[in-house]
Amino acid sequence: MDVFETLLELNPATHTIKVVDMHTSGEPTRIVVKGFPELEGTTLLEKRRCAREKHDRIRQSLMREPRGHGEMYGAILIAETELTRSGDADIGVLFCHNEGYSTMCGHATIALGRFLIDTHDLDIFPRRDTLQHDEETGLTMLRLHAPCGVVHVSVYTEDGHSDATRPVSFLGVPSFVTARDLEVEIPVAARWPRLRDAQRSCVKVDISYGGAFYALVSAEELGFPDGVRGPATLAEFDQATAALKRILSPQKELFKHPTEPDLEYLYSVMVVERRPTGELGLCFFADQQIDRSPTGSCVMARVALAVEQGRLEMGQGCDYESVVSVLNEGNGFRGTAVGLRPEGLVVKVEGRAFYTGAASFIVEEHDPLPTGFTIALPS
Ligand SMILES: O=C(O)[C@H]1NCC[C@@H]1O
């Protein structure tokens, strides 16, 4: 009997959650494959609400210490949704992080592309066998129902397994800009030191949607003329982006979605630095989590902005890096404007993901920290 079986045998009444862990450009995805309770609700968004209201302890236990850590990210597979039932999607997913449940995630979609091809367990992915494979291109197509809508994922496949050497790509939901060159007045009490030093009171931002709403701002606008990788510390960027998010979030008119009120909120402030070869981004999302990846959903949002500003044309692509991916060549994402729909721009995002492990998590009956904890350093 191996150590896992012994552990579970010692605790027969303990609920076990099984996960597979991956990373995409360094950003983790903990994929919950078994043990998550059945969620009430007919639609995926109703199930998202149910997860938040009735089972948030499970998210907390998996995302926070000691089972996770403050920068963990999760994907909960949902086999049945309204769109799998209607034949418009193959499987559903809920994304989660340090604060709750997001509406779109590009890095996790890239990881899931590989995992869903590689799993042949029909209890995990009941429609696995109905996926369309194109012999000529070697691509298997997968329709993932995310809270923001259906994302079309393409995965290079050989003998029923994903090819780790090739990128996974996806076509996101239509992306659109809701505000350009918005002058945001920063109240005196909320000004961060670099803004004060620069004797500025205003910051110019763009707001764009890529399955979630992003505020896009240059490092320079925030008072960091040396860019994202200059001498400024992450703590300084954290302070500036948190202040901006607090000021922008109540301005609901900036985050209007054409059909879904559940999607109408500011998810993240992304600090952007334009470079000759593409863009470098530092993304603070949810409760100021820092994305290690170049943020796939924000690639959608940034491509939509670049097309609207005339910096990218239809069919053109751009390379997107994070502060981690920029250290390793070929570890970033590529975003390409591929089609225009009345609802917005369709963007293709490409990137690579890798397995890091698999685990069974339990919470013992007398554990005084069943939902885990986080430690916040004073900023
Ligand atoms: O790649 C993405 O879209 C995600 N990564 C973490 C924050 C975003 O949801």
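For this chain, numbers begin at 1 and follow the sequence in order. Keep in mind that what you see is a predicted model, and the values were worked out from it rather than measured. Just so you know, these numbers use all the heavy atoms, side chains as well, and skip hydrogens, waters and symmetry mates. Counting starts at 1 for both ligands and their atoms, following the listed order.
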Check: If you draw the axis of the six-membered ring of Tyr355, does the NZ or CZ of Arg114 fall within 45° of it and under 6.0 Å from the ring centre?
Finding: no
Identify all pairs of nitrogen or oxygen atoms, one from ligand 1 and one from the protein, separated by less than 3.5 Å, and list them with distances.
| unit_1 | atom_1 | unit_2 | atom_2 | d |
| --- | --- | --- | --- | --- |
| ligand 1 | 1 (O) | Gly106 | N | 3.3 |
| ligand 1 | 1 (O) | His107 | N | 2.8 |
| ligand 1 | 1 (O) | Gly296 | N | 2.7 |
| ligand 1 | 3 (O) | Gly106 | N | 2.7 |
| ligand 1 | 3 (O) | Gly296 | N | 3.3 |
| ligand 1 | 3 (O) | Ser297 | N | 2.8 |
| ligand 1 | 3 (O) | Ser297 | OG | 2.6 |
| ligand 1 | 5 (N) | His107 | ND1 | 2.8 |
| ligand 1 | 5 (N) | Asp291 | OD2 | 2.7 |
| ligand 1 | 9 (O) | Tyr73 | OH | 3.4 |
| ligand 1 | 9 (O) | Met104 | O | 3.3 |
| ligand 1 | 9 (O) | Tyr267 | OH | 2.8 |

Margin query: If I compare all heavy atoms of Leu116 with all of Phe125, which pair ends up nearest, and what's the gap?
Written below: O-CD2, 3.5 Å
Note to self: Quick check on the 6.0 Å ring-centre criterion: do Tyr267 and Phe285 meet it?
What the structure shows: yes
Next item on the list: Assess the pair Phe255 and Tyr265: is the distance between their ring centroids shorter than 6.0 Å?
Entry: no
Item checked: Heavy-atom neighbours of Glu185 CD exceed 12 at 6.0 Å -> yes
Next item on the list: Please say whether more than 12 non-hydrogen atoms of neighbouring residues, nucleotides or ligands are located less than 6.0 Å from CD in Glu40.
Entry: no
